[in-house]
Amino acid sequence: MKIIGGPASQLLAARVASELGCELALAEYKRFPDGESYVRVLDEIKDVVIIQSMVSDEDLIYLLQLIDACSEASVRVVIPYFGYARQGRRFQPGEAISAKVMAKTIEADEILTVNIHDTPVLDYFRVKARDLDAAPLIGEHMQSLDLQKPIFIAPDEFAGSLARSVASKLGADYDVLEKKRLSGDQVEIKAKHLDVANRDVIIIDDMISTGGTMSEAIELLRRQKSKDVYVACVHPVLATNAICRLFKAGVKEIIATDTIDRGVGIISVAPLIAGAL
Ligand code: R5P
C-alpha cells in the first residue's frame, strides 16, 4: 500500500505513511496559464490511499483528478476535512444540497472522513463511507495541560456531543451555550446558568471557520470572570482574519488537529487514520 498526499494534505499524508511504515507515492500538481489544474501520479501504484482535505473548490478538483489518475489501482480516499458538509440539507426552498452534490462526485473503493459536520452526509456517497472520531485524541491532549477546574463548553447543541465526549476523558464538566446565527460571520451567543468564575474554560466545536462563533463565546465567558479561555476544534478552517479575531477576543490558545494544514494543528489525527486503514 502507498499513500498519496493531495496538495491540501501533504503533511498529514506524510505522518500517516510514517505511522504505517509505508511508502509515499509522489504526484505532481500544477496549473495551466488559464487556471485549469493538472495532476500526474509519478510513482507506480497498485493499492493506494489518497489523503486530501477539501477546504476549497480547488481541493475537490485535485481530489477528483487524483482518483482518476489512480483508476487502474485499488483506491481508498481519506478526506480529513470534508467541506460543504454544513449544507447537508435544504434549509430554505431553492437551495442546493451542496454536500450531496460533492459527495456524489467522489468514487473510490472506500471513503474515510474525520468528524464530518453532519453524519447523514455519509449516506450521499455512492460507496462505503466511514467517519472517524478525533474526540479521544483531543481529550488526551487536554489531559496533558495543567488546566484549573476545567469546564468544556459547546457553543451550540450541534457541538454538544463533542464537548461531552472530550470532557468525559478528563472526568470534567461540560455545558452547551445557545447560539443564533445572524450572518455568515456574525452570531449571537447567550449564556446558560453557568458558573465559570475562576475556572479554565475550553470552548469546543467541530470547526472554527470565520471565528465568529468562538470570539462571541470567548467574550461572554470572560465577562463571566472565567480564568483562561482555550478554544479547541477538530478542523481549523480559520478563514480570513479568524486567528486575530480569536486573540483579540482574549483566547489563551487555539488547539486543533491537523485535518487542515494551518500551523495550529498540534494534535495529529495520523494515528487515527492509520488505525482505520
Ligand atoms: C456550525 O454549526 C459549526 O459547527 C461551527 O460552529 C461553525 O461552522 C463555526 O463557524 P464560524 O467560525 O464562522 O462562526
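Ligands are counted one by one from 1 in listed order, and the atoms in each one are counted from 1 as well. Only this structure's heavy atoms are used, side chains among them; waters, hydrogens and symmetry mates stay out.
T119 and D131 share no side-chain donor-acceptor pair at under 3.5 Å. In this structure, a donor-acceptor pair under 3.5 Å is absent between the side chains of S215 and K248.
Within 6.0 Å of CD in E28 there are more than 12 heavy atoms belonging to other residues, nucleotides or ligands. Sparse packing is recorded around CZ of R40, with 12 or fewer heavy atoms of other residues, nucleotides or ligands lying under 6.0 Å away.
By the 30° and 60° cut-offs, the orientation of the rings of Y38 relative to F32 is perpendicular.
At least one donor-acceptor pair closer than 3.5 Å links the side chain of D200 to the backbone N or O of Q148.
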Tabulation required: pairs of a nitrogen or oxygen in ligand 1 and a protein nitrogen or oxygen under 3.5 Å; columns are atom names and distance to 0.1 Å; otherwise 'none'.
residue: ligand 1; atom: 4 (O); partner: D205; partner atom: OD1; Å: 3.1
residue: ligand 1; atom: 4 (O); partner: D206; partner atom: OD1; Å: 2.6
residue: ligand 1; atom: 6 (O); partner: K179; partner atom: NZ; Å: 2.9
residue: ligand 1; atom: 6 (O); partner: D205; partner atom: OD2; Å: 2.5
residue: ligand 1; atom: 8 (O); partner: R86; partner atom: NH1; Å: 2.8
residue: ligand 1; atom: 10 (O); partner: R181; partner atom: NH2; Å: 3.4
residue: ligand 1; atom: 12 (O); partner: S209; partner atom: N; Å: 2.8
residue: ligand 1; atom: 12 (O); partner: T210; partner atom: N; Å: 3.1
residue: ligand 1; atom: 12 (O); partner: G211; partner atom: N; Å: 2.8
residue: ligand 1; atom: 13 (O); partner: T210; partner atom: N; Å: 2.8
residue: ligand 1; atom: 13 (O); partner: T210; partner atom: OG1; Å: 2.6
residue: ligand 1; atom: 14 (O); partner: R181; partner atom: NH2; Å: 3.2
residue: ligand 1; atom: 14 (O); partner: T213; partner atom: N; Å: 2.9
residue: ligand 1; atom: 14 (O); partner: T213; partner atom: OG1; Å: 2.5

